[in-house]
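Proteins get letters first, then strands, A, B, ... in listed order; numbering begins at 1 in each. Every value quoted in this text rests on a predicted model; they were computed, and no experiment measured them.
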2 protein chains.
Amino acid sequence: MADEADLVQRLLLKLRARDEVSEREERVLRDAVSGSEEYPAGRNMVRAGAPLSQSMLVVEGLVARFKDLSDGQRQIQEIHVAGDFTDLHGFLLKRLEHNVGALTRVRVALVPHDAIRRITEEEPHLTRLLWFSTLIDSAIQREKILSVGRRPALSRLAHLLCELRVRLELTGLAADGSFALPITQLDLGDATGLTSVHVNRMLKQLRDDRLVTFRGGQVTIHDWPRLQKVAEFDTGFLYLDRRPR
Amino acid sequence: MADEADLVQRLLLKLRARDEVSEREERVLRDAVSGSEEYPAGRNMVRAGAPLSQSMLVVEGLVARFKDLSDGQRQIQEIHVAGDFTDLHGFLLKRLEHNVGALTRVRVALVPHDAIRRITEEEPHLTRLLWFSTLIDSAIQREKILSVGRRPALSRLAHLLCELRVRLELTGLAADGSFALPITQLDLGDATGLTSVHVNRMLKQLRDDRLVTFRGGQVTIHDWPRLQKVAEFDTGFLYLDRRPR
DNA sequence: CGAGCTTTTGACGGATCTCAACGCAGGTGG
DNA sequence: CCACCTGCGTTGAGATCCGTCAAAAGCTCG
């Protein structure tokens with residue numbers, strides 16, 4: 001049915017930007033989905049350490065992987081958008097060392113680990129594609145290490161916005177440098193290793209410099225070339241070229 | 001020959017800490033190695049963007065993945081030890097978005113991508129193990145995001161030393177909380193997102209507090225429980241339990 | 001034994017955090 | 001319909017952690 005078709009649609013867009021996916025493979029992926037679920041904003045979706053038997057594919061909304069320190073500080077390690085698996089790695093890790101939470105209202109497709117295991121037994125190329133998609137996450141996370149470790153605050157924020165723009169554009173969720181980002185400045189702080197107060201000041205500077213506006217959960221990029229320069233943003237880490245994997 | 005046996009030995013130790021590896025799979029892994037190479041300390045081993053046709057397995061020495069910013073700042077994203085693949089993900093990514101460099105004199109085993117591809121076609125379980133090992137890297141990198149994003153300098157350093165201790169112990173390269181770490185304080189700064197000056201001060205504090213000593217390229221942990229507490233170190237992210245994958 | 005790293009230490013400066021106050025919008029219940 | 005509450009955004013003042021700059025001492029190796 002049309003509804004089910006939509007569940008994997010954006011995943012396919014993402015994969016096909018990087019390699020071919022045959023119709024048979026597409027069918028195998030669709031058949032792997034066992035159902036879907038919704039979560040309200042702020043809800044915890046996977047708690048660190050809990051045993052897992054299925055993985056979640058984001059259909060709609062924004063999801064964060066994060067970890068907390070004992071003093072209450074939170075660090076978001078990656079923001080997931082529609083088309084991303086949030087915890088495909090849970091298939092082999094069997095549990096996660098971090099939490100997964102809904103930043104907005106979220107709908108996910110559920111993919112039982114049994115089905116993924118079957119794919120690894122019978123579909124080498126599709127297996128490589130799934131593996132590949134976990135490697136993209138890894139590259140995104142490495143880029144965050146660089147951001148948080150060495151970039152100044154303004155640059156970190158700019159980089160995050162650049163990254164989200166490109167990732168959302170891939171699945172048609174951003175156009176003309178504008179996209180929905182209905183999260184709080186506190187969330188942005190957790191994603192950049194800053195306090196919400198400082199995020200607020202940096203957002204003001206980005207706005208005053210006519211680079212980007214973040215208001216009402218909507219991002220509008222005014223000057224893409226200059227924003228990229230401020231962020232030292234280079235799409236290389238997103239591996240956007242189409243090649244056989 | 002005995003020499004070749006040694007090339008994959010530590011990799012097997014690492015894998016077998018997490019799952020079973022059959023004798024046949026062990027043979028397949030050995031056969032996948034096409035040779036070995038040495039690099040002097042400081043040498044660049046893979047440059048970002050260069051096309052790759054083989055992956056490197058560290059046999060001896062320390063290797064870093066890192067990226068530089070335009071102003072010359074460097075961020076190390078992960079330190080690899082003997083038994084780690086440094087760029088297994090290059091098999092599917094086809095190139096890397098970061099550099100790989102030798103922190104010490106290094107010997108690596110070379111594994112052609114053709115051989116890995118054959119494994120993915122014929123050895124589902126071994127494929128999952130290789131995939132799994134890239135997921136461990138990913139978890140280590142996520143932990144670094146937390147460190148660099150939210151932990152204070154002292155804690156960051158403590159955490160890195162805890163992590164290296166446990167990882168080295170897995171393959172018999174650390175014992176009694178003591179291990180070789182023949183790298184400079186500048187390297188430690190690049191790995192923690194600090195300056196070498198501040199690393200020096202924090203090392204002094206760790207020494208004065210009787211937690212760890214780093215001297216002459218040797219780390220000696222004096223008080224493991226307290227060091228872990230300072231670092232908020234929890235081995236969870238290393239997935240040390242033995243389970244079928 | 002001198003050149004060039006690396007480590008160590010001090011003084012100072014600055015980016016970011018903390019604390020605090022206020023405004024604003026949306027929701028809720030009387 | 002309005003008082004109230006709560007969460008979020010905004011701004012200012014002061015504190016702090018870490019960086020910068022600089023110099024000197026220790027090591028290694030040709």
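- In this model, the phosphate group of C/dC17 is approached by a side-chain N or O of A/Thr195 to a distance below 4.0 Å at OP1 or OP2.
- Contact between the side-chain N/O atoms of B/Asn200 and the OP1/OP2 oxygens of C/dT7 is not found at any separation under 4.0 Å.
- One can place CD of A/Gln73 at 13 Å from P of D/dC17, the figure rounded to the nearest angstrom.
- Across the protein-nucleic acid pair, B/Asp187 atom CG and C/dT7 atom P stand 8 Å apart, rounded to whole Å.
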Per-nt protein contacts along nucleotides 22-30 of chain D (heavy atom under 4.0 Å; B base, S backbone sugar-phosphate only, - none) come out as ---------

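- The CG-P distance, from B/Leu103 to C/dT6, rounds to 12 Å in whole Å.
- Contacts of A/Gly193 with the nucleic acid, taken as non-hydrogen atoms under 4.0 Å apart, involve only primed sugar atoms and P, OP1 or OP2.
- Donor-acceptor pairing under 3.5 Å is recorded for the side chains of B/Asp187 and B/Thr184.
- Using modelled atom types, one finds no donor on one side chain facing an acceptor on the other under 3.5 Å when comparing B/Ser34 with B/Gln54.
- Residue B/Leu194 contributes atom CG, which lies 15 Å from atom C1' of C/dA15 at whole-angstrom precision.
- Within the 4.0 Å cut-off from OP1 or OP2 of C/dT8, at least one side-chain nitrogen or oxygen of B/Gln185 is found.
- B/Leu203 comes within 4.0 angstrom of nothing in the nucleic acid, heavy atoms only.
- Side-chain N/O atoms of B/Arg215 and base N/O atoms of C/dT8 include no donor-acceptor pair closer than 3.5 Å.
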Before you tell me yes or no, could you show the steps for A/Glu163 and A/Lys144 under salt bridge (Lys or Arg N to Asp or Glu O under 4.0 Å), namely the whole-Å CA-CA distance, both residues' side-chain angles and the distance that decides it to 0.1 Å? CA-CA 10 Å; A/Glu163 177 196 321; A/Lys144 190 171 287 293; 5.3 Å; no

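- Whole-Å rounding puts the A/Asp190 CG to D/dC8 P distance at 11 Å.
- Distance CG (B/Leu188) to P (D/dG19): 13 Å, rounded to an integer number of Å.
- Qualifying ring-ring contact (aromatic ring centres under 6.0 Å, His included) partners for B/His98, counting only residues two or more places apart in sequence or in other chains: B/His89.
- With hydrogens and angles left out, the side-chain atoms of B/Glu232 and B/Ser155 include no donor and acceptor closer than 3.5 Å.
- Under the side chain to side chain contact (heavy atoms under 4.5 Å, CB included) rule, B/Leu173 has a single partner from B/Arg165, B/Arg10, B/Glu60, B/Arg167, which is B/Arg10.
- Atom CE in A/Met202 sits about 6 Å away from atom P in C/dT16, given to the nearest Å.
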Inset, instruction - Start with the C-alpha distance between B/Asp209 and B/Arg226, add both sets of side-chain angles, then the distance that settles salt bridge (Lys or Arg N to Asp or Glu O under 4.0 Å), and finish with yes or no. - result: CA-CA 10 Å; B/Asp209 291 352; B/Arg226 265 199 318 133; 5.9 Å; no

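- Distance, B/His198 NE2 to D/dT16 C1': 11 Å, rounded to whole Å.
- Taking 3.5 Å as the limit, the base of C/dT18 and the side chain of A/Arg201 contain a donor-acceptor pair of atoms between them.
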